Amino acid sequence: MAQDMTRRSAVGAILAAGLPGGAYGGTGAGGSGMKIQFAFDSHVFTATLLNEAPAQELAAMLPLDLTIEDYSNNEKIAYLPRKLTRRANASFGNEAPGDLCYYAPWGNLVLYYATYHYSPGLIRLGRLDDGVQPLMTRGKFPLRATRV
């Protein structure tokens, strides 16, 4: 009986860990603890990736030398050398500045520094750790992305 309860507790903990929730509700198990460091111009900052297949695929591509540039009035983008093949489970809500996303139709990373709204094809990969201030630097720059 005690062994059966231990197994049930273990299974329950495993299932609970995989449920949507946390700061990203609906996008998976929350942060994976895996971090990416970005560097451009004089800025160095990190992002914590979600525990989802597209974020893991991005991490496996690192290190990367990309170009980051302004797009619209709320984001910076950087095209990956190849498109990610894995897809996220579902659309998401609670969009916020500081989100690190991937736009599947174009194959680019998106780093949001102002409010935005979800659109089809957008996959949240993670979140910037220390705010959006580095993204306020306007222009086009070489961008280095490495695993921390």
Side-chain angles (χ1 to χ4, degrees), residues 9-148:
S9 297
V11 169
I14 290 167
L15 292 174
L19 292 174
Y24 297 108
T27 63
S32 67
M34 187 181 316
K35 293 188 180 283
I36 293 181
Q37 179 177 290
F38 293 102
F40 78 92
D41 193 35
S42 61
H43 306 290
V44 178
F45 55 99
T46 60
T48 300
L49 296 178
L50 294 174
N51 189 20
E52 296 224 342
Q56 293 166 357
E57 185 177 0
L58 172 64
M61 295 172 70
L62 299 174
L64 291 169
D65 289 306
L66 309 169
T67 299
I68 191 167
E69 59 188 300
D70 300 308
Y71 185 82
S72 189
N73 61 355
N74 64 341
E75 64 193 78
K76 286 197 173 294
I77 62 171
Y79 288 92
L80 294 174
R82 66 170 176 79
K83 289 186 172 188
L84 300 179
T85 59
R86 298 179 183 169
R87 299 288 181 242
N89 293 331
S91 62
F92 59 89
N94 68 351
E95 305 92 331
D99 283 347
L100 169 63
C101 296
Y102 173 71
Y103 188 58
W106 293 356
N108 63 282
L109 295 178
V110 186
L111 294 93
Y112 287 101
Y113 57 83
T115 58
Y116 73 100
H117 298 286
Y118 172 82
S119 64
L122 195 62
I123 299 168
R124 186 183 281 148
L125 300 175
R127 182 129 180 95
L128 300 182
D129 294 326
D130 296 314
V132 300
Q133 192 58 41
L135 304 178
M136 304 309 285
T137 302
R138 304 291 292 173
K140 187 174 184 175
F141 302 94
L143 173 71
R144 177 81 170 157
T146 56
R147 196 170 178 172
V148 179

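These values consider heavy atoms only, across backbone and side chains, with no hydrogens, waters or symmetry-generated copies. The first residue of the sequence shown is numbered 1, and numbering continues consecutively from there. Keep in mind the model is a prediction, meaning the values are calculated, not measured.
With rounding to the nearest 0.5 Å, the separation of CG in L143 from CG in D65 is 8.5 Å. In this structure, L135 CG and L128 CG are separated by 5.5 Å, a value rounded to the nearest 0.5 Å. Put simply, CG on N108 and CD1 on I77 are 5.0 Å apart, with the number rounded to the nearest 0.5 Å. Distance check: R138 CZ to E69 CD gives 11.0 Å after rounding to the nearest 0.5 Å. Distance check: L100 CG to T48 OG1 gives 10.0 Å after rounding to the nearest 0.5 Å. For the atom pair CZ of F45 and NZ of K35, the computed distance is 13.0 Å after rounding to the nearest 0.5 Å.
Nearest heavy atoms, G98 versus V132: N-CG1, 3.4 Å. Counting all heavy atoms, side chain and backbone alike, A114 lies closest to P97 at C-CG, 3.6 Å. Nearest heavy atoms, A78 versus I68: CB-CA, 4.3 Å. Contact detail for Y116 and N74: the closest heavy-atom pair is CB-ND2, 3.4 Å. In plain terms, the two heavy atoms of P81 and L66 that are nearest each other are CD-CD2, 3.9 Å. In plain terms, the two heavy atoms of L62 and R147 that are nearest each other are CD1-N, 3.8 Å.
The backbone N or O of L84 sits nowhere less than 3.5 Å from a side-chain atom of E57 that would complete a donor-acceptor pair. Remark: side-chain polar atoms of E95 are paired, donor with acceptor, to backbone N or O of Y118 under 3.5 angstrom. Side-chain atoms of R124 come within 3.5 Å of backbone atoms of G93 as a donor-acceptor pair (strictly under, hydrogens ignored).
Contact check for M61 versus R82: side-chain heavy atoms found under the 4.5 Å cut-off. The shortest distance between side-chain heavy atoms of R127 and L50 does not fall below 4.5 Å. Proximity of Y102 to P54: side-chain heavy atoms (C-beta onward) are nowhere separated by under 4.5 Å. Residues L109 and L125 form a side-chain contact, since some pair of their non-hydrogen atoms from C-beta on lies under 4.5 Å apart. Residues W106 and Y71 have side chains in contact (heavy-atom distance under 4.5 Å, counting atoms from C-beta outward).
We find that K140 and D70 are not joined by a salt bridge, their nearest charged nitrogen and carboxylate oxygen being 4.0 Å or further apart.
Under the 30°/60° scheme for interplanar angles, the aromatic rings of F40 and F141 are found to be tilted.
K76 pairs in a side-chain contact (heavy atoms from CB on, under 4.5 Å) with only one of the listed residues (Y113, Y112, F38), which is Y113.
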